[in-house]
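Shown next, in structure tokens, is the structure this report addresses.
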Amino acid sequence: MASVMEDPTLERHFKGHKDAVTCADFNPNRKQLASGSLDKNLMIWNLAPKARAFQFVGHQDVITGVQFSPSGNLVASSSKDRTVRLWTPSMKGESTVFKAHTAAVRSVAFSHDGQRLVTASDDKSVKVWSVHRQCFIYSLNQHTNWVRCARFSPDGRIIASCGDDRTVRLWDTSTKHCINCLTDCGGSATFVDFNSSGTCIASSGADSTLKIWDLRTNKLIQHYRVHSAGINSFSFHPSNNYVISGSNDGTIKILDLLEGRLIYTLHGHKGAVITVAFSRAGDVFASGGADSQVLLWKTNFDSRSYQDVLLQHSRRSTPDPPPHLSDIHPRGPHLHHPQPTAIQVSPAVKDTRSTEPHVIQLGQSVHGNMLLNSWPRLTPMQSAAANSHHYNSLPACHVANSRLDGWIEGGSASRAESTAENETRANRKEGKGRREEEVEMSQTHPLEVLSGHPSSVSSTLRHIVQQLDILTQTVSVLEERLTLTEDKLKECLSHQSQILKDLRASRTRRRTESEGTDESSVHST
């Protein structure tokens, strides 16, 4: 089938991850795209042609969520290693670690003013953090199973969360109370988000459904079942007129919310589509999947009204089906079944317009430059042997080729020395002394996790400070719980004292009544 101008088109693909891509987000400046993966690495892709890509190393387990701050100068990532990291998307590769969850962290999101973070975790809690103070603020604890996703409303007054307890909960950020619980989910709720105006909320589920509620009326207004397997992620278009969704059935679906129907099915990934995301302007969107690729699509279909697009497609052999009668305003809750005649777009995944970007690995070296330079130079075989003894360390910043050859996950300081030689050779080829200085600065940044090697005083002190911060946060949580317990005990004691007073008063009344009856009997005799 010939493609027309309004069809979405595959613009580029990005290869660099070594395992499934789990999350993606665009920088508001429209110049970068971030993605996380099962390979534990965070990638920052520059959208300019032939630009370098940055690979940030630091998480100890699968990265589950990623999001740019509204200003674009920070990137937050969540991981199954129970931590959240704030990265600076630059050559320095610096990050700040947030620790308070006791299980895998499933999602992370900024508030729209960029001052707070909200995270969802397998410890059944939703936690809110201060970005400026870099500390935990409060926790929301009414989910009864793993929490998969949490998001701020555009005005920051509401938090929406969903999880394996088959509920979508709405929280008031001022009172910290759950103000609504939507229980219409047929299975685990996998993703939740607000539209750009904050008037509607959508949730997707493992039962392959996508549901949209109107928060002004607390009613389910649209219900779609267009995928043949569970939905992993979805994203609202900034105009609120479209939604894209990615599913385990290997397709991306595009829904027109005004028409209330499926308009496109995209085939590009080999395997499950795990994440989808519109850019802030809505002109492009990204998808990531089990094939370890990140695909960049041009939207196109939002440039003209749907009626114009339908008129353009009227000569097709498989025109779009007519809209549901129940979609005529006012809409009521109704089910949208799969439409086999929707437009199918199957672009070739091979991309001849863009080459694989050169990847620069950025991480945190175990020691400073002085200690690093004091280590003897090792051959690749010796470095590999050293890795078996120092598996807790992370690879230092180094330049890798586009296919990440020679990179070993969880490398040691000895490996960092051998990769530093590769880095020096690459810098000689480029002849850029400034780049060499920036990489040297990134090497001096200390590691949060201490290894078995002797570390510098500064890194040890920083580690101690981090542990103290964690203890402080733990103590604050315990204090909050103790305060609640004390309040409940006081309430119980007050009730008991009131009951005792009532009992004493009733006994006194009975005595007076009995004495009165005795006196009356004496007078009568």
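When reading the values below, keep in mind they use all heavy atoms of this one structure, side chains included, and skip hydrogens, waters and symmetry mates.
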Any donor-acceptor pair under 3.5 Å linking the side-chain atoms of [Y] with those of [X]?
X: Thr265; Y: Lys253; value: yes
X: Gln32; Y: Asn27; value: yes
X: Thr64; Y: Ser78; value: yes
X: Ser196; Y: Asn240; value: yes

Not counting sequence neighbours, list each pair that qualifies as a ring pair (Phe, Tyr, Trp, His ring centres under 6.0 Å) and has a residue in residues 161-203.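 Those involving residues 161-203 are Phe191-Phe234.
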
With sequence neighbours left out, what residues match [X] under salt bridge (charged side-chain N to carboxylate O under 4.0 Å, His left out)?
X: Asp155; value: Arg157
X: Arg280; value: Asp25
X: Arg169; value: none

Please tell me if the side chains of Phe98 and Thr119 come closer than 4.5 Å, counting only heavy atoms from C-beta onward.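 Contact flag for Phe98/Thr119 side chains = no.
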
Tyr138 and Thr173: side chain to side chain contact (heavy atoms under 4.5 Å, CB included), yes or no, with the steps? CA-CA 10 Å; Tyr138 61 87; Thr173 56; 3.7 Å; yes

Candidate pair Asp61 and Lys40, rule salt bridge (Lys or Arg N to Asp or Glu O under 4.0 Å), full reasoning: CA-CA 5 Å; Asp61 208 333; Lys40 309 176 187 178; 5.5 Å; no

Who are the ring-ring contact (aromatic ring centres under 6.0 Å, His included) partners of His143, not counting sequence neighbours?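 If we apply the ring-ring contact (aromatic ring centres under 6.0 Å, His included) test to His143, skipping adjacent residues, there are no hits.
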
With Ser125, which residues qualify under side chain to side chain contact (heavy atoms under 4.5 Å, CB included), at least two apart?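 Testing Ser125 for side chain to side chain contact (heavy atoms under 4.5 Å, CB included), a comparison that skips the adjacent residues, returns His101, Asp123, Lys127, Ser139, Asn141.
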
For atom NZ of Lys31, is the number of surrounding heavy atoms from other residues, nucleotides or ligands below 6.0 Å larger than 12?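 Check fails, neighbour count at 12 or below.
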
Name the orientation class of the two ring planes belonging to His237 and Tyr242 (parallel below 30°, tilted from 30 to 60°, perpendicular beyond 60°).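 Perpendicular: the ring planes of His237 and Tyr242 meet at over 60°.
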
